Amino acid sequence: GDLIFSEILYSSYELNGEFIEIFNNSSKTIDLNTCIMGITDKNNKINYFKPINLPFSILPGEYIAFTKDIDKIKKYYNYGKYNIIENPKILAIPDDGRCLYILNQDSIEIDKFCYNYKLYPEIIKNIKGISLERNIKCNNNEWNCCSFIVGATPGLRNSQECDNVIMQDRIDLDKNTFSPDGDGIDEEITFKITFNNPENICNAYIFNSSGILISRLLNNTIVGTYN
């Protein structure tokens, strides 16, 4: 469809901190005021609502997230400043798993997504604050767990997104060693991790010059395709 679900956070840290994100999968600008959404209740009945009641355009390739309380988003996540819409009247997103729908102005279903905890990798014991992301450009449009480093990406490119280009998994460092001793020289090190496929599990360690373990930076942490 022209509009598709791209990310959902249904188990948030705080009440009303959930969000639904959509993506303009077309080559045209779409007025979201013509869009209708639906969510099933516990009896599998679809309840519909308008995510926005004012003219608001979503550009081709753009992400827009809807939430009841934008302050709950700002508190925990990096977010697209102009790509978050707050609407206290949108329906709640229950934790126990439901189905979401997008309908166009002719009430024709253009996308559907049914979420539940089984979409997360088994290694995850606590999904609170961690979103599900759709891999739009590759990986057969499958849904993946968001990188634990960011937790969620409301209104931004998804952490598990790839560019549909085969590339090598790699780690790049801006220097080989660093010395956080307060003298202002080589205090920090920056490393970039790139993966060809989503939902990679990483472990990262810091050793001193004698090979003694100082810190475990990542511990079986799910990371994104670009970190």
Side-chain angles (χ1 to χ4, degrees), residues 1 3-13 17-25 61-67 72-73 76-80 83-84 93-100 102 111-173 189-206 215-227:
L3 289 176
I4 60 175
F5 292 111
S6 53
E7 185 175 5
I8 178 173
L9 176 68
Y10 68 89
S11 181
S12 59
Y13 290 119
E18 305 89 352
F19 70 83
I20 301 170
E21 181 189 80
I22 60 175
F23 176 77
N24 186 346
N25 198 37
E62 189 174 27
Y63 300 87
I64 297 291
F66 301 94
T67 182
K72 302 293 176 58
I73 301 296
Y76 295 103
Y77 307 107
N78 292 324
Y79 62 97
N83 297 78
I84 304 287
I93 312 170
D95 287 1
D96 56 356
R98 302 293 168 89
C99 291
L100 298 167
I102 302 178
D111 197 30
K112 173 185 177 182
F113 172 54
C114 296
Y115 66 88
N116 59 63
Y117 72 92
K118 294 181 180 180
L119 293 173
Y120 289 87
E122 291 184 3
I123 192 174
I124 301 177
K125 304 304 180 185
N126 182 8
I127 64 172
K128 188 174 289 295
I130 306 296
S131 72
L132 288 169
E133 298 178 329
R134 191 176 199 166
N135 208 320
I136 297 167
K137 296 181 181 180
C138 55
N139 204 32
N140 298 316
N141 263 317
E142 291 182 359
W143 288 79
N144 302 110
C145 168
C146 182
S147 164
F148 272 37
I149 295 175
V150 294
T153 56
L156 298 172
R157 171 189 168 113
N158 290 347
S159 70
Q160 302 291 0
E161 189 60 83
C162 58
D163 292 319
N164 209 18
V165 176
I166 297 176
M167 56 188 179
Q168 288 185 335
D169 297 343
R170 57 182 298 165
I171 300 175
D172 297 301
L173 305 176
I189 188 171
T190 300
F191 59 95
K192 180 180 179 182
I193 309 174
T194 306
F195 291 108
N196 192 47
N197 294 304
E199 281 189 0
N200 291 275
I201 299 173
C202 280
N203 291 282
Y205 306 86
I206 297 175
S215 175
R216 187 169 185 174
L217 190 61
L218 299 176
N219 182 10
N220 290 333
T221 302
I222 293 179
V223 298
T225 49
Y226 296 89
N227 307 273

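Just so it is clear, the structure is predicted and the values come from calculations on it, not from any experiment.
- Phe148 has its side chain within reach of Ile124: a pair of non-hydrogen atoms, C-beta onward, lies under 4.5 Å apart.
- Asn78 contributes no side-chain N or O that, together with a main-chain N or O of Val150, makes up a donor-acceptor pair within less than 3.5 Å.
- In this structure, Thr225 contributes its side chain and Ser159 its backbone to a donor-acceptor pair below 3.5 Å.
- Formation of a donor-acceptor pair under 3.5 Å by the Asn135 side chain with backbone atoms of Gln160 is found in this model.
- Applying the salt bridge (charged side-chain N to carboxylate O under 4.0 Å, His left out) definition to pairs two or more places apart or across chains, those involving residues 151-161 are Arg157-Asp163.
- Counting heavy atoms from C-beta on, the side chains of Phe23 and Leu3 never come closer than 4.5 Å.
- Looking at heavy atoms from C-beta onward, Leu156 lies out of side-chain contact with Tyr77 at the 4.5 angstrom threshold.
- Classified by interplanar angle (parallel below 30°, tilted 30° to 60°, perpendicular above 60°), the ring pair Tyr13/Tyr76 is tilted.
- Contact annotation: the side chain of Phe5 approaches that of Leu100 to within less than 4.5 Å [non-hydrogen atoms, C-beta and beyond].
- Aromatic ring centres of Tyr115 and Tyr10: separated by under 6.0 Å.
- Within the 4.5 Å cutoff, the side chain of Asn220 has heavy atoms near those of the Ile123 side chain.
- Checked against side-chain hydrogen bond (donor to acceptor under 3.5 Å, both in side chains), Glu7 has the following partners two or more places apart in sequence or in another chain: Ser131, Thr153.
- Panel note: side chain Glu21, backbone Phe66; no donor-acceptor pair is recorded below 3.5 Å.
- For Ser147, there are no side-chain hydrogen bond (donor to acceptor under 3.5 Å, both in side chains) partners, not counting sequence neighbours.
- Applying the salt bridge (charged side-chain N to carboxylate O under 4.0 Å, His left out) test to every pair with at least one member in residues 121-135, sequence neighbours left out, gives these pairs: Asp111-Arg134.
- When the side-chain hydrogen bond (donor to acceptor under 3.5 Å, both in side chains) test is applied to Arg216, the partners found at least two apart in sequence or on another chain are Asn203, Tyr205, Asn219.
- Looking at heavy atoms from C-beta onward, Asp172 lies out of side-chain contact with Phe191 at the 4.5 angstrom threshold.
- By the 4.5 Å heavy-atom criterion applied to side chains, Tyr120 and Asn144 are not counted as neighbours.
- Every side-chain hydrogen bond (donor to acceptor under 3.5 Å, both in side chains) that Asn24 has, sequence neighbours left out, goes to Ser26.
- The aromatic ring centroids of Trp143 and Phe113 lie less than 6.0 Å from each other.
- Looking at heavy atoms from C-beta onward, Ile4 lies in side-chain contact with Ile136 at the 4.5 angstrom threshold.
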